[in-house]
Participant: 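Pasting in a structure now, in structure tokens, and then I'll have a few things to ask.
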Number of protein chains: 2
Amino acid sequence: METRIERLCVANGLRMTGPRRVIARVLSEVNGHPDVDELHRLAHRLDPRISLATVYRTVRLFEQHGILERRSLGSRRARYEMSGEHDHFHLVDQDSGQVIEFDEPETELLMRKVAARHGFELVSLKIELFGRRLGTAARAPEPAGEAAGP
Amino acid sequence: METRIERLCVANGLRMTGPRRVIARVLSEVNGHPDVDELHRLAHRLDPRISLATVYRTVRLFEQHGILERRSLGSRRARYEMSGEHDHFHLVDQDSGQVIEFDEPETELLMRKVAARHGFELVSLKIELFGRRLGTAARAPEPAGEAAGP
DNA sequence: CTACTTGCAAACGTTTTGCATAGGC
DNA sequence: GCCTATGCAAAACGTTTGCAAGTAG
């Protein structure tokens with residue numbers, strides 16, 4: 001079955017090669033905010049010939065065509081997610097590294113007004129909240145190299 | 001004269017070495033959001049023996065003690081600024097790379113409420129807006145390697 | 001048939017580190 | 001005097017690129 005990403009590729013006039021099809025499938029099935037390494041691991045499982053370089057090239061291509069969006073979310077590696085109709089924000093659990101997405105349309109509108117007040121047209125925005133679950137005693141923030149901070 | 005950063009270092013029980021004093025001075029005098037390279041260039045001018053590694057180690061140390069905050073602001077290199085009492089936001093001009101800071105206390109409060117709604121205590125937040133000056137025709141986003149995008 | 005895409009390995013820019021020495025307290 | 005900070009050079013890390021071979025349209 002053809003994924004939504006594949007359809008977007010065709011709509012953007014991109015050549016549908018084997019590796020791109022596999023990476024599109026992986027992107028459609030994974031949830032969360034995978035980094036390139038994770039995408040490569042998953043794609044490699046479906047087709048061991050797929051190289052890391054191709055995954056890098058493909059996510060960059062997809063990003064340039066507005067199919068994917070790149071986030072940092074406090075981690076060193078870039079992380080990707082499918083583009084949606086409107087921006088959404090991310091709340092990062094500093095203890096577990098878990099990322100929660102949420103919509104906040106009023107805030108997006110507010111930010112647009114703030115930009116306008118400074119004489120700017122808003123093109124995009126990133127809102128990342130870093131926090132700790134309520135009722136959790138403060139502890140060492142990152143046991144392993146997974147969680148992320150500001 | 002002793003800088004505010006130096007005072008914060010002492011308050012945090014940090015050893016006040018020569019290089020740290022110089023870097024503290026540079027951080028106090030520079031304005032904007034310098035990256036490590038720029039800090040090193042400025043520090044090196046005051047004391048040519050100061051190495052890049054020491055600047056890296058020092059900003060990391062200062063960040064760990066809450067004296068500095070790290071930002072990405074769409075650029076590849078990490079950029080630093082002094083911690084303030086409350087968070088402020090950044091508006092990046094996509095054409096020039098220029099960064100405008102602004103306060104938006106209601107938004108900070110709103111974000112705190114949003115985090116709470118999801119069961120989190122807000123520790124910090126990053127809000128980065130990317131935009132274009134009103135009345136500017138769209139053009140090639142980045143003539144040189146300075147400006148930054150989402 | 002042609003132009004674009006791929007895999008590989010090597011290069012890249014940024015950040016970190018191992019080690020011997022220098023220096024703060 | 002002890003223990004940490006420093007400089008240097010080398011390593012690590014994520015990402016990009018040059019090139020020859022492969023493949024979509």
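Lettering follows sequence order; numbering is per chain, from 1. Values in this document were obtained by computation on a predicted structure and should not be read as measured data.
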Participant: Can you tell me how far C1' of dT14(C) sits from CZ of R41(B), to the nearest Å?
Facilitator: 15 Å

Participant: Is any side-chain heavy atom of R133(A) closer than 4.5 Å to one of Q98(A)?
Facilitator: yes

Participant: Roughly, in whole Å, what's the span from CD1 in I50(A) to P in dG22(D)?
Facilitator: 18 Å

Participant: Where the side chain of T17(B) is concerned, which of dT6(C), dA5(D), dT15(C) is the nearest nucleotide?
Facilitator: dA5(D)

Participant: Anything under 30° is parallel, anything over 60° is perpendicular, the rest tilted; go ahead and classify F102(A) against F89(A).
Facilitator: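 The arrangement is perpendicular - the two ring planes meet at more than 60°.
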
Participant: Nearest of dG25(D), dA5(D), dT14(C) to any side-chain atom of Y56(B)?
Facilitator: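 Taking heavy atoms from C-beta onward, the closest nucleotide is dT14(C).
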
Participant: Name the closest nucleotide to the R77(A) side chain, picking from dG7(C), dG14(D), dT5(C).
Facilitator: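 In terms of side-chain proximity for R77(A), the closest of dG7(C), dG14(D), dT5(C) is dG14(D).
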
Participant: Taking only Lys NZ, Arg NE, NH1 and NH2, and the carboxylate oxygens of Asp or Glu, determine whether R117(A) and E104(B) approach each other closer than 4.0 Å.
Facilitator: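 Between E104(B) and R117(A) there is a salt bridge, with a charged N closer than 4.0 Å to a carboxylate O.
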
Participant: Please tell me which of D37(B) and R49(B) maps to the more 5' nucleotide of DNA chain C, matching each residue to the nucleotide holding its nearest heavy atom.
Facilitator: D37(B)

Participant: To the side chain of R20(A), which of dG13(C), dT5(C), dG7(C) is closest?
Facilitator: dT5(C)

Participant: So with a 6.0 Å cut-off around CZ of R7(B), is the heavy-atom count from everything else above 12?
Facilitator: yes

Participant: As a test of reading the structure: which of dT6(C), dT17(C), dT17(D) is closest to the side chain of A53(B), going by heavy atoms?
Facilitator: dT17(C)

Participant: Would you mind reading off the distance between D47(A) atom CG and dT23(D) atom C1', rounded to a whole angstrom?
Facilitator: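 D47(A) atom CG is separated from dT23(D) atom C1' by 14 Å.
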
Participant: From the list dG7(C), dT15(D), dT16(C), which nucleotide is the closest neighbour of the side chain of L52(A)?
Facilitator: dT15(D)

Participant: Between dT6(D), dG13(C), dT6(C), which one does the side chain of R76(B) approach most closely?
Facilitator: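 Between dT6(D), dG13(C), dT6(C), the one nearest the side chain of R76(B) would be dG13(C).
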
Participant: So L14(B) and F62(B), do their side chains get closer than 4.5 Å, heavy atoms only?
Facilitator: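 They are in side-chain contact.
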
Participant: Rounded to the nearest Å, what distance is computed from the CD atom of residue Q64(B) to the P atom of nucleotide dA5(D)?
Facilitator: 11 Å

Participant: With the side chain of P19(A) defined as its heavy atoms from C-beta on, choose the nearest nucleotide among dG7(D), dG7(C), dT17(D).
Facilitator: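 Out of dG7(D), dG7(C), dT17(D), the nucleotide with an atom closest to P19(A)'s side chain is dG7(C).
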
Participant: With respect to the phosphate group of dC8(C), does any side-chain polar atom (N or O) of S51(A) fall under 4.0 Å of OP1 or OP2?
Facilitator: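 No, S51(A) has no side-chain N/O under 4.0 Å of OP1/OP2 on dC8(C).
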
Participant: Please state how far atom CZ in R21(A) lies from atom C1' in dG25(D), giving the value in whole angstrom units.
Facilitator: 12 Å

Participant: Rounded off to whole Å, could you give me the CG-to-P distance for the L14(B) and dC3(D) pair?
Facilitator: 19 Å

Participant: Spell out yes or no: do the side chain of R15(A) and the base of dT5(C) have one donor N/O and one acceptor N/O closer than 3.5 Å?
Facilitator: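 Checked by distance alone, the answer is no.
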
Participant: State whether the distance check finds a donor on one side and an acceptor on the other, under 3.5 Å, for side chain R57(B) versus base dG7(D).
Facilitator: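 Flag set: donor-acceptor pair detected.
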
Participant: When the distance from NE2 of H40(B) to P of dT14(C) is rounded to whole Å, what number comes out?
Facilitator: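 My rounded result for the distance is 14 Å.
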
Participant: Under 4.0 Å between a Lys/Arg side-chain N and an Asp/Glu carboxylate O for K126(A) and E128(A)?
Facilitator: no

Participant: How close or far is atom P of dT16(D) from atom CG of L61(A), stated in whole angstroms?
Facilitator: 13 Å

Participant: Looking at the side chain of R60(B), which of dT5(C), dT17(C), dT15(C) is the nearest nucleotide?
Facilitator: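 The nucleotide sitting nearest to the side chain is dT17(C).
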
